[in-house]
Amino acid sequence: MRSRAKEIASVAKRIVDDVNSLSPEEQRRFLEEIAPELLVKESRPKEFGLPELEGAAEGVRMRIAPNPSGPLHLGHSRMAILNDEYVGRYGGVCICRFEDTDPARVDASAYDSIPEDLGWLGVAIHETVVQSDRFEDYYSVARQLLGAGHAYVCTCKPGDWRELKGSKKPCPHREAATSEQLSMFDKMFDGTFGQEEAALVVKTDLQHPNPALRDFAALRIDDTPHPRTGSRYRVYPLMNLSVAVDDHALSLTHVLRGKDHLNNTYRQEYIFDYMGWSKPKYVHYGRVSIQDAQLSTSRMAAGIADGRYSGWDDPQLGTLAALRRRGVMPEAIRRYWVEAGLKEVDIEFSWKTLYSFNKDIIDDSAGRYFFVDDPVGFLLLDFPDMTARAPLHPAHADRGSRDIRVSSGSSLYLSGSDVSRGERRLRLKDLCNVVVEGDALRYDGNDLAVLKEGVQIDHWAPQDAVPAEVLMPDGGVRKGLAEHGLSSAEGTVVQLERFGYARVEQTSPAIRCVFTHR
RNA sequence: GCUCCCGUAGUGUAGUCCGGUCAAUCAUUCCAGCCUUUCGAGCUGGACACCCGGGUUCGAAUCCCGGCGGGAGCACCA
């Protein structure tokens, strides 16, 4: 219909003109006769969260299809979460399918790290399939396509073949007889051809106006040893063959994928049609651009190799391992992607929004501690012996307090950035008021009314504070002093007051935290 | 060059299919006020959007046409 829009428009205009020549009353009367249901306006219930999936009422079978070339990162988490959300909503099965059909792009450790990452995300995997176990299935379908005249073995140079395609011309092998095709196909396996000397190509329509949809390669020869199958196989499927075969074999009902795969979907549909298979429903969502994050597997690997990054969980990286290490909760990531939905528009990722969601989750359980960055020591003058009773959490008095003893003649530390403000009077949080006298602090009572006069509150660290460092997402390290109590918070996410949230990763021999966000 | 997809506040989203209840939702962000102990916390309030131009209509975010803008694909990667 779309291609005949102009015709339709003129027909429609004629009809509309007819209808518009009637008065509103006549129109209504006429409509009551032919289609009274249209007079009743449907009320549309307001939808929350993800939109419904068409045809999902009976349950769904969906898949997450990672390429095992490295650990999962923030970008990958979107499809994992969305699939999991739908499987959870409608009931059904979520399959993890490793798409390892390019031997050069397989990192064996990813077969373990990806399920770990998915587990941490809270994504339930019911079945696992590895494509490199399934070569014979791909060969079998390829042979059927060949036998039915829907494919050919092409021995052109790839560039030549591409050029012919571009000008809508068949290559010399396209129309060869089926028997010849099948014997050429056998030769792909027996060593007759080297890499790029022969490929199986699926026929579509060489006259297709969309150049991306004219004949596509489906099987190729590659002598790179595969981490799982070694050199047992040298004929590898390209994604459009293996994905189509497996989506059918796994009886998927719905496929969620990025819209960069839109043309691949169309290509795969040719295979479904040729084989007489019924297709899953496809949903294409837009691209996400994630600023300020290193997500390129190859660049991350290079950075790890040259020491710029400490590993896949370096806080500078956008991997799930790094986010986990920093104290970002999987629930925050889930909420983010659910709110982003799966529209076809391209979107820009917002760290601020993710951090805000994460804060909602961690704030209630995060114990409060003093951490003084870039510490500057001050002598205490005229201090009575006193004990700061700083609440572990201001909203939960029942969790108790950090009791820190301070006495005259001892010293304490303020953060360099606070000192540089040059205030004369300060309130030490949860302790008392002071007057700054050079490199000393003189006790100035404990009346909270000074806050009304605009006196600032600073956090501090006592004389017996312990060294601590915080690894920052920009690769920096903030060194400072923390109150003793932080040593007992290992493994938890805390709020370093006025500094930000951080995960306490290690407390011995020294305290090391990884910064979460402000 | 060819093909396809998509344009609602800074960001994400609801509404678009089926025109009116939309001077447009919610979240985040930003700003202000409140709060006698942190906060970037909480509460209250505020700011900011229908890409542009025509058309149809009593009425257009919504339908039509034309622009403009953004993205993707045209791999023997996925």
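Throughout, a chain's letter reflects where its sequence line sits, starting with A, and its residues are numbered from 1.
The partner of A60(B) cannot be assigned: no Watson-Crick or G-U wobble pair with both contacts below 3.5 Å exists in any strand. Under the Watson-Crick or G-U wobble criterion, with both distances below 3.5 Å, G53(B) is paired with C65(B). Remark: A27(B) base-pairs with U11(B). Criterion, Watson-Crick or G-U wobble with two distances under 3.5 Å. When both distances must be under 3.5 Å, the Watson-Crick or G-U wobble mate of C17(B) does not exist. Across all strands shown, G42(B) is found opposite C34(B) as a Watson-Crick or G-U wobble partner, with both distances under 3.5 Å. Pairing partner, C4(B): G71(B), with both Watson-Crick or wobble hydrogen-bond distances short of 3.5 Å.
No donor-acceptor pair under 3.5 Å is formed between the side chain of Glu163(A) and the backbone N or O of Asp160(A).
Side-chain atoms of Ser415(A) and His459(A) include no donor-acceptor pair closer than 3.5 Å. A side-chain donor from one of Asp100(A) and Tyr111(A) sits under 3.5 Å from a side-chain acceptor of the other. In summary, the side chains of Asn210(A) and Tyr266(A) do not present any donor paired with an acceptor at a separation below 3.5 Å, with no hydrogens or angles considered. Between the side chains of Ser132(A) and Arg228(A), a donor-acceptor pair is found at a separation under 3.5 Å. Residues Asn83(A) and Arg78(A) have side chains that never bring a donor and an acceptor to within less than 3.5 angstrom of each other. Between the side chains of Arg257(A) and Thr265(A), at least one donor N or O sits under 3.5 Å from an acceptor N or O.
Among the atoms of the strands shown, only primed sugar atoms or phosphate atoms (P, OP1, OP2) are found under 4.0 Å from some heavy atom of Arg287(A). When heavy atoms are screened at a 4.0 angstrom cut-off, Asn264(A) is found touching base atoms of the nucleic acid. As judged by a 4.0 angstrom heavy-atom cut-off over every strand, Glu497(A) is placed among the base-contacting residues. Within the 4.0 angstrom heavy-atom criterion, no nucleotide atom of any strand lies near Gln195(A). Residue Pro209(A) is classed as a sugar-phosphate contact, given heavy-atom separations below 4.0 Å to backbone atoms only. When heavy atoms are screened at a 4.0 angstrom cut-off, Pro237(A) is found touching the sugar-phosphate backbone but no base atom. Residue contacts shown for Ala217(A) are limited to sugar-phosphate atoms, with no base heavy atom under 4.0 Å away. The residue Asp430(A) sits close to a base: some heavy atom pair falls under 4.0 Å. Within the nucleic acid shown, Cys432(A) has no heavy atom closer than 4.0 Å to any nucleic acid atom. Arg335(A) comes within 4.0 angstrom of the backbone, heavy atoms only, and of no base.
Contact check, Arg162(A) against C74(B): no side-chain N or O comes under 4.0 Å of OP1 or OP2. Contact annotation: Lys343(A) reaches the phosphate of A14(B) (side-chain N/O to OP1 or OP2, under 4.0 Å). For the pair Arg220(A) and C77(B), the criterion of a side-chain N or O lying under 4.0 Å from OP1 or OP2 is met. When the side-chain nitrogen and oxygen atoms of Thr101(A) are compared with OP1 and OP2 of A78(B), one or more of them lie within a distance under 4.0 Å.
Residue Ile347(A) is the one, among Asn67(A) and Ile347(A), whose nearest nucleotide of RNA chain B lies closer to the 5' end (criterion: closest heavy atom). Both Gly341(A) and Gly159(A) lie close to RNA chain B; mapped to their nearest nucleotides by heavy-atom distance, the more 5′-ward contact belongs to Gly341(A).
Among the nucleotides C4(B), C77(B), C74(B), the one closest to the side chain of Asp102(A) is C77(B). Of the candidates C76(B), U37(B), C39(B), the closest approach to any side-chain atom of Arg427(A) belongs to U37(B). Of the candidate nucleotides C76(B), G73(B), G7(B), C76(B) has the atom lying nearest to any side-chain atom of Glu196(A). Between A41(B), U36(B), C76(B), one nucleotide has an atom nearer to the side chain of Ala199(A) than all others, and that is C76(B). For Leu238(A), whose side chain is taken as the heavy atoms from C-beta onward, the closest listed nucleotide among G7(B), C76(B), C2(B) is C76(B). The Asn210(A) side chain lies nearest to C4(B) when the options are G40(B), C4(B), C6(B).
Nucleotides U57(B) and A47(B) have their P atoms positioned 37 Å apart, rounded to a whole Å. Distance check on atom C1': G45(B) versus G67(B) gives 42 Å, rounded to whole Å. Rounded to whole Å, the P atom of C48(B) lies 43 Å from the corresponding atom of C2(B). Between the C1' atoms of A78(B) and C65(B), the separation comes to 39 Å (whole Å). Between the P atoms of C34(B) and U28(B), the separation comes to 22 Å (whole Å). A distance of about 41 Å separates the C1' atoms of C77(B) and A61(B), rounded to the whole Å. Of the P atoms belonging to C68(B) and G53(B), the separation is 15 Å, rounded to the nearest Å. Using atom C1' as the reference point in both G19(B) and G55(B), the two lie 15 Å apart (nearest Å).
As rounded to whole Å, 19 Å separates atom P of G71(B) from atom NE2 of His261(A). One atom, CG of Asp346(A), and another, P of U11(B), lie 13 Å apart when rounded to the nearest Å. Taking atom CD on Glu348(A) and atom C1' on G70(B), their separation rounds to 12 Å, with Å as the unit. Distance, Asp360(A) CG to G40(B) C1': 13 Å, rounded to whole Å. Counting to the nearest Å, the P atom of A75(B) and the CZ atom of Arg105(A) are 16 Å from each other. For the pair Leu213(A) CG and C5(B) P, the computed distance is 12 Å after rounding to whole Å. Protein atom CZ of Phe216(A) is 13 Å distant from nucleotide atom C1' of A75(B), rounded to whole Å. In this structure, the NZ atom of Lys352(A) is 12 Å from the P atom of U11(B), given to the nearest Å.
Remark: the Arg498(A) side chain and the C39(B) base include no donor-acceptor N/O pair separated by less than 3.5 Å.
Ring geometry, Tyr139(A) versus Tyr233(A): the interplanar angle falls from 30° to 60°, so the pair is classed tilted.
Once rounded to the nearest 0.5 Å, the distance linking OH of Tyr152(A) with CZ of Arg174(A) reads 5.5 Å.
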